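Working notes, structure below.
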Amino acid sequence: MMGKRTAAATDTMGSTDRMRAAGSSNVTSIVTTAFFAAVIFLGIQSFRIPLPAAVGTPFLHFGHIFVMLAIVCLGSRRSAVAGVLGLVIFDLLNGYIHSIPDVFVSTIIKCFLIGTVFSMLKKKAGGNIHKEYLAAIFCAALYGIVNIVIDFIWSVAGLMLLGSSLAAAFTAELTSIPATMINAGFTVIGITLLYAPITAAYKRIPQR
């Protein structure tokens, strides 16, 4: 009888410890996701350089860099949440409400696609820091390419809905691609410089 009581008590203590660990992990997950959402927002809000374009009002900013850092640190799902929150809040506060559908859809696509690719490459790297670093740079370049493609398709479709012909919409959007390409290159440079220190700092955060 005593043995059964001891075993039951041990099981209860074990369940309590597991619940506490799960609760602590959830809190850490929420806090780090919210932190990246705030950084993404500030990355655009605090630094913007207008870029010439025939369609829209693009500008150079840190937002994509921080979304990419969220992807490599948080993974696909949590980076999508952080990215959508940070970018949509910026749009709401700065009069870009018309851009929210594009931002919402494109951010989710980029986070899940790039997150999946990076996870595969990181696993293939087998703990090799140098290979992981190269994988992050490659994924940053892929992020930029995907962003260019999505923005191009979305803008052409938007112009056609407003009455433009396919040829006119296509031509107008072609003149805007350089602005998106500049942001893509800026993202690659940012990840090249920030990947190592940011991921090292993130790894020091207790995850349980």
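Every value quoted in this text rests on a predicted model; they were computed, and no experiment measured them.
Taking 4.5 Å as the limit, every side-chain heavy atom of Arg48 sits out of range of all side-chain heavy atoms of Leu60.
Applying the side-chain contact (heavy atoms from CB on, under 4.5 Å) rule to Leu162 yields no partners; only residues at least two apart in sequence or on another chain are considered. Residues satisfying the side-chain contact (heavy atoms from CB on, under 4.5 Å) criterion with Met160, sequence neighbours excluded, are Val156, Leu166, Ala169. Remark: Phe152 engages Phe170 in a ring-ring contact (aromatic ring centres under 6.0 Å, His included) (not counting sequence neighbours). Remark: Leu194 engages Ile65, Leu69, Ile198 in a side-chain contact (heavy atoms from CB on, under 4.5 Å) (not counting sequence neighbours).
Contact record, Ser29 with Arg78: OG-NE, 3.1 Å, taken as the closest heavy-atom pair. Listed here is the closest heavy atom pair of Ala125 and Lys131: CB-CB, 3.7 Å. When all heavy atoms of Lys203 and Ile129 are compared, the closest pair comes out as NZ-CD1, 4.5 Å.
To the nearest 0.5 Å, atoms OG1 (Thr107) and CD1 (Ile150) are separated by 8.5 Å. Taking CZ of Phe59 as the reference point, atom CD1 of Ile44 lies at 6.0 Å (rounded to 0.5 Å). How far CG of Leu113 is from OG1 of Thr116: 7.0 Å, rounded to the nearest 0.5 Å. Between Ile182 atom CD1 and Ile177 atom CD1 the span is 12.5 Å, to the nearest 0.5 Å. The SG atom of Cys111 lies 9.0 Å from the CE atom of Met68; values are rounded to the nearest 0.5 Å. Here the OG1 atom belonging to Thr192 is positioned 9.5 Å from the CG atom belonging to Leu134, to the nearest 0.5 angstrom.
Tracing side-chain contacts under 4.5 Å through hydrophobic residues (I, L, V, M, F, W, Y), one reaches Leu42 starting from Ile49; they form part of the same cluster. Tracing side-chain contacts under 4.5 Å through hydrophobic residues (I, L, V, M, F, W, Y), one never reaches Val146 starting from Ile153; they form parts of separate clusters. Under the 4.5 Å side-chain heavy-atom criterion for grouping Ile, Leu, Val, Met, Phe, Trp and Tyr, Ile108 is not connected to Ile145 through any hydrophobic cluster. Taking hydrophobic clusters as Ile, Leu, Val, Met, Phe, Trp and Tyr residues chained together by side-chain heavy-atom distances below 4.5 Å, Phe66 shares a cluster with Ile137.
A donor-acceptor pair is defined here as one N or O able to donate and one able to accept, closer than 3.5 Å; no such pair exists between the side chain of Asp102 and the backbone of Trp154. Panel note: side chain Thr199, backbone Ala196; a donor-acceptor pair is recorded below 3.5 Å. For Ser155 (side chain) and Asp151 (main-chain N/O), a donor-acceptor pair under 3.5 Å exists by modelled atom type.
Ring to ring, Phe62 and Phe186 are close: their centroids are under 6.0 angstrom apart.
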Distance-only criterion, 3.5 Å: show the donor-acceptor pairs between side-chain atoms of residues 79-95 and protein atoms not counting sequence neighbours.
unit_1: Ser79; atom_1: OG; unit_2: Gly75; atom_2: O; d: 2.6
unit_1: Ser79; atom_1: OG; unit_2: Ser76; atom_2: O; d: 3.0
unit_1: Asn94; atom_1: ND2; unit_2: Gln45; atom_2: OE1; d: 2.8
unit_1: Asn94; atom_1: ND2; unit_2: Phe90; atom_2: O; d: 2.8

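Each of Ile40, Thr187, Ile114 was checked for a side-chain contact (heavy atoms from CB on, under 4.5 Å) with Val67, and the lone residue meeting it is Ile40.
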For Asn147 and Asn183, run side chain to side chain contact (heavy atoms under 4.5 Å, CB included): C-alpha distance rounded to whole Å, both residues' side-chain angles, the deciding distance at 0.1 Å, then the answer.
CA-CA 9 Å; Asn147 192 52; Asn183 262 314; 5.5 Å; no

Begin from the C-alpha positions of Cys139 and Ile71 and carry the test side chain to side chain contact (heavy atoms under 4.5 Å, CB included) through to its verdict.
CA-CA 10 Å; Cys139 286; Ile71 290 172; over 6 Å; no

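The number of heavy-atom neighbours closer than 6.0 Å to OH of Tyr96, taken from other residues, nucleotides and ligands shown, is above 12.
Screening residues 100-151 for ring pair (Phe, Tyr, Trp, His ring centres under 6.0 Å), with sequence neighbours left out, gives His64-Tyr143.
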